[in-house]
Structures are given as C-alpha cells and as structure tokens.
Number of protein chains: 4
Amino acid sequence: MRIEFDPNTPIYLQLMQLIRQAAAAGQLLPGGKVPSVRELAVEYAVNPNTVQKALAELEREGLLVTERTAGRRITDDVEKINQLRAELARQQIDHFAGQMLALGFERKQLLELLTEKWGIGNGHH
Amino acid sequence: MRIEFDPNTPIYLQLMQLIRQAAAAGQLLPGGKVPSVRELAVEYAVNPNTVQKALAELEREGLLVTERTAGRRITDDVEKINQLRAELARQQIDHFAGQMLALGFERKQLLELLTEKWGIGNGHH
Amino acid sequence: MRIEFDPNTPIYLQLMQLIRQAAAAGQLLPGGKVPSVRELAVEYAVNPNTVQKALAELEREGLLVTERTAGRRITDDVEKINQLRAELARQQIDHFAGQMLALGFERKQLLELLTEKWGIGNGHH
Amino acid sequence: MRIEFDPNTPIYLQLMQLIRQAAAAGQLLPGGKVPSVRELAVEYAVNPNTVQKALAELEREGLLVTERTAGRRITDDVEKINQLRAELARQQIDHFAGQMLALGFERKQLLELLTEKWGIGNGHH
DNA sequence: GTGGTCTAGACCACC
DNA sequence: GTGGTCTAGACCACA
C-alpha cells in the first residue's frame with residue numbers, strides 16, 4: 001500500500017478517498033476497527049495531523065464513528081456503505097465518460113480501448 | 001463553455017487540462033490560434049495572470065508556441081498532438097480502471113455499468 | 001549583498017542568475033538550504049512572487065529541490081553543479097571574447113588589458 | 001550578420017549595442033552613412049519602428065547625426081568614437097571579471113581558460 | 001491589442 | 001513559518 005500522493009491536491013482529501021474506497025471495497029468491514037491515527041500516519045508517511053483531519057471529516061460524513069477510548073470503527077450501517085460504493089462508482093464512470101468524450105472518443109472506440117487493455121467486453125463470451 | 005473548477009486543485013492546472021483536451025479533441029487545430037490571455041480570462045472568469053501561468057506551462061510542454069506580439073498558436077506538430085491525445089486517453093483509462101478495481105468491481109460488472117449508462121458494448125452490432 | 005538590477009531584463013531572470021552563481025561558486029552548498037522565499041524577497045527588495053517565480057524556474061532546471069513545507073535545498077547532485085559552473089564560465093568567456101573581438105580587439109590587446117586591470121597573465125611567474 | 005536577439009531584453013537596446021559596436025570597431029566609419037531604417041529593419045528582421053527608436057536614441061547620445069534629407073551619418077567626432085570604444089571595452093572587461101570572480105575563478109584559472117580557447121597569453125612568444 | 005513582468009496583499013495546506 | 005496559488009491592477013515592449 002505504498003502510495004504517492006498528488007502534490008496538487010490536499011493530502012487529507014486523498015486520504016479520505018483512500019479510506020472511502022477501502023470501506024466501499026470491503027477491505028475495511030462494516031463495524032470493523034480503523035487503524036489508529038499513528039498507524040495510518042506511519043503507513044502513508046504523512047503527518048498525524050493530516051490523518052486526524054481526514055478521519056474527522058469522514059466522521060462528519062458518517063462513514064466513521066469513534067468509540068470513546070477504543071479508537072474508530074467503520075459505521076455498521078451496511079446500507080450506507082452500499083450507497084457509498086454506488087456513489088463512488090457513479091462518480092468514476094461519469095468522470096471517465098465525460099473526459100473520454102471530451103477527447104473525441106466514440107462509444108465504439110471506448111469499447112475497443114477497454115477491450116484491448118483489460119479484456120472488458122469479451123468477458124464471458 | 002461555462003466551467004466550474006474543482007476548488008481543491010490549482011485552477012491553472014485545470015485550465016491546462018482543458019486546453020490539452022481541446023487540442024487533443026481537435027477543437028483547437030494544429031497551427032491554429034489560441035484565444036488571447038485576456039479572452040480566456042473572461043471566458044473562464046479567472047484572473048489573466050492565472051491564464052498566463054497555464055499557457056506558459058503549456059508552452060514549456062511544447063503544445064503551444066507564442067509569436068512575439070501576435071498571440072499564441074497550437075503547435076503544428078501533428079504527431080505531437082496525436083501523442084498527446086493517446087497519452088490523455090491512456091491516463092483516463094488507467095485511472096478509471098484502477099479506481100473501479102479498487103472499489104471491487106470486476107470486468108464483467110464494469111461492462112454492465114458502462115452499457116447501462118451509455119450503451120457501450122452494444123453499439124451497432 | 002546589496003544588488004541593483006538591470007531594469008531592462010526581468011528581475012526573476014537576474015535572481016536566477018545570482019542563485020546559479022552562488023551555487024556554482026560554492027556559496028550555496030550542494031544539499032544546503034536555500035533562504036526562504038520571504039527572506040530572499042526582503043534581501044533583494046523585490047516582491048515575494050518574483051522570488052517565487054525565479055525559484056520555481058530553478059527547480060524546473062533541477063538546481064533546486066523543494067521539501068514540501070521545509071523550504072528548498074540546492075540539489076545534492078555535485079556533478080550537476082560542476083556542470084553548471086563550467087557552463088556558466090563557458091558562457092561568460094564566449095560572450096566576452098565575442099564582444100571584444102566585435103569591438104576590434106586582438107588577442108594581444110585583450111591580454112594587455114586584462115593584465116593591466118587585474119594582473120592576469122603575470123600571476124606568480 | 002544574421003542575429004538572434006535575446007527575447008528578454010528590448011530589441012531596440014540590442015540594436016543600439018550592435019550599432020555602437022560597429023562604430024567602435026570601425027565597420028561604420030566616422031562621418032560615414034548609416035543604412036536607412038528600412039534597410040536595417042530588413043537586415044535584422046525587426047519592425048521599422050524598433051529600428052527608428054534605436055537610431056533616435058543613438059542620436060540623442062551623439063553617436064549619430066541626421067542630415068535633413070540625406071539620412072543619418074556616424075558622427076565625425078573621432079575622439080568621441082575612441083571614447084566609445086574604450087568605454088564599451090571597459091564595460092565588457094569589468095563585467096567579465098566580475099562574473100568570473102563571482103563564480104570563484106582565480107586569475108590563474110582565468111588565464112588558463114582564455115589560453116585554452118583562444119590562445120590568449122601565448123600570443124607572440 | 002498582444003504577451004510579459006511586477007507589486008501588493010490575501011488565503012491555503014502542511015509542519 | 002514554509003511553499004504555493006490567486007486576484008487586482010499597473011506598466012512595458014512590440015506590431
């Protein structure tokens with residue numbers, strides 16, 4: 001999980017996105033413990049303050065909950081997590097299609113490109 | 001062409017990307033004139049200095065050339081523009097696939113989602 | 001280090017040259033810290049933005065590296081700095097000889113002039 | 001005499017310097033005719049306005065004089081031209097030595113470098 | 001009117 | 001306190 005951050009966007013936002021993805025992908029389970037601020041700071045080689053800010057924001061979003069003394073957990077609201085996953089996917093797809101169409105790619109070309117690279121489109125044929 | 005910028009990334013980088021896309025998509029033709037700094041500034045409702053910085057960077061990249069007092073043009077190096085378009089597309093595809101796989105989507109699901117939204121994959125067959 | 005800038009060339013270019021020289025002459029050591037933007041701005045009595053532009057350019061050249069929030073350093077690539085010194089010297093020599101020859105000075109006269117002023121040529125012989 | 005101008009200093013100043021040098025070096029003789037604005041503009045591929053400005057400045061300096069209808073001539077004040085030549089040489093030498101010393105070169109090294117490149121110093125030995 | 005530079009002053013993310 | 005970005009407004013050289 002060595003990550004290099006885009007120096008042009010706030011690190012705490014990129015951390016938030018990473019954690020959202022981990023939760024949406026099920027790497028962090030609903031109700032499961034989130035690594036401590038210190039652990040995350042070491043893991044991602046960033047300042048603990050930055051981790052702190054990211055986690056606080058995610059808490060505000062309702063994705064994380066803190067337990068007095070026992071650190072933070074992912075929300076156990078499974079429905080919320082499903083919504084998150086769908087929302088993140090929608091964002092990606094919208095952005096991707098928007099950008100590719102802006103570049104002048106047609107649906108047919110998009111299919112070809114995706115097929116070339118990852119075999120998408122001839123999956124189970 | 002009303003655009004709203006992502007407040008979390010420098011505007012000049014977003015301007016650069018917009019212009020790269022316009023050039024790659026053929027909206028700005030090789031050898032064609034680029035709107036003046038002042039025009040772009042009013043069009044995108046940003047400060048002329050910000051436009052200036054974006055254009056200067058693109059010039060350093062070789063996408064634009066300036067003619068002393070006669071404004072800027074897109075490079076007439078068509079090959080360079082083709083490379084740019086391919087590179088931009090590759091970036092989008094890589095990023096998209098990376099994010100979607102990180103969210104736990106499989107190739108098959110990806111295909112379905114794309115098909116749902118834009119009919120990719122069942123084009124004219 | 002009071003400097004007066006040539007009003008006919010951009011200040012940021014003159015700043016770049018000053019810093020290049022300081023690095024080449026060893027006044028700024030490889031890997032050593034560069035004064036902050038704000039410090040340089042007051043030292044040279046110019047706007048911080050102007051310093052910023054100069055340093056950003058030098059960074060693009062590879063002479064400087066920035067450490068997120070810990071200021072800038074001279075590259076620790078000693079070879080690069082040696083090359084820089086040689087290049088700067090070459091430029092000066094070429095320019096000097098070109099100008100003096102254009103003024104109709106012969107090699108012999110050049111030698112005499114230099115000898116007169118700084119004793120070059122009769123060093124310790 | 002194909003010249004490429006430094007884009008970072010006003011062209012008219014560079015033109016002035018070229019003409020000063022030509023006069024100091026004797027390529028343009030005291031009392032001799034100076035090419036017309038149009039001719040110079042073509043020769044140096046610059047705007048006639050720019051040439052005009054350069055010549056007007058040189059006139060103000062006393063290096064050039066205009067004759068009603070017959071164009072411009074170099075001043076016939078030979079002493080003035082000699083002074084000019086000495087002054088230009090002095091500037092070059094001062095600047096050169098200042099820069100090289102700033103780069104940390106010693107007199108001995110300077111001599112070696114000059115000798116290497118143009119044989120200065122072993123002229124008539 | 002074009003690009004380019006500079007100043008002044010503000011705000012932000014990060015440490 | 002550090003680098004980085006942005007705005008607002010001014011001035012200059014050049015065509």
Whole-Å gap separating [atom2] ([N]) and [atom1] ([X]):
| X | N | atom1 | atom2 | value |
| --- | --- | --- | --- | --- |
| C:Leu13 | E:dT5 | CG | P | 7 Å |
| B:Tyr44 | F:dT7 | OH | P | 15 Å |
| C:Asn47 | F:dG9 | CG | P | 17 Å |
| C:Asn8 | E:dC6 | CG | P | 12 Å |
| D:Gln14 | F:dA13 | CD | C1' | 12 Å |
| D:Ile11 | F:dC12 | CD1 | C1' | 14 Å |
| C:Asp6 | F:dC12 | CG | P | 16 Å |
| A:Leu15 | E:dA13 | CG | C1' | 13 Å |

Please determine, for the side chain of [X], which listed nucleotide ([options]) has the closest atom?
| X | options | value |
| --- | --- | --- |
| C:Gln52 | F:dG3, E:dT2, F:dT7 | F:dG3 |
| C:Pro10 | E:dA13, F:dC6, E:dC6 | E:dC6 |
| B:Thr69 | F:dT2, F:dC14, F:dT7 | F:dC14 |
| C:Ser36 | E:dT5, F:dT2, E:dG9 | F:dT2 |

Could you tell me whether the side chain of [X] and the main chain of [Y] form a donor-acceptor pair under 3.5 Å?
| X | Y | value |
| --- | --- | --- |
| D:Gln14 | D:Thr9 | yes |
| D:Arg85 | C:Leu103 | yes |
| A:Glu39 | A:Ser36 | yes |

Under 3.5 Å donor-acceptor pair, B:Thr66 side-chain atoms to E:dG4 base atoms
no
Are side-chain N/O atoms of B:Glu87 and B:Gln91 paired as donor and acceptor at under 3.5 Å?
yes
Any strand is fair game: report the nucleotide pairing with E:dC14 by Watson-Crick or G-U wobble, both distances under 3.5 Å, or none.
F:dG1
Under a 3.5 Å limit on both distances, the Watson-Crick or wobble mate of E:dC6 is F:dG9
For B:Arg38 and C:Ala56, find the nucleotide of DNA chain F closest to each by heavy atoms; which residue's nucleotide sits nearer the 5' end?
C:Ala56
Assign the ring pair A:His95 / B:His95 to parallel, tilted or perpendicular, where the plane angle (0 to 90°) is split at 30° and 60°.
perpendicular
Should the pair C:Arg73-C:Glu67 be classified as a salt bridge under the 4.0 Å nitrogen-to-oxygen rule?
yes
Looking at every strand, decide which applies to B:Leu55 at a 4.0 Å heavy-atom threshold: base, sugar-phosphate, or nothing.
nothing
For [N], does OP1 or OP2 lie under 4.0 Å from any side-chain N or O of [X]?
| X | N | answer |
| --- | --- | --- |
| B:Lys53 | F:dT5 | yes |
| A:Thr50 | E:dA13 | no |
| C:Tyr12 | E:dT5 | yes |

By nearest heavy atom, map B:Lys33 and C:Asn49 onto DNA chain E; which one lands nearer the 5' end?
B:Lys33
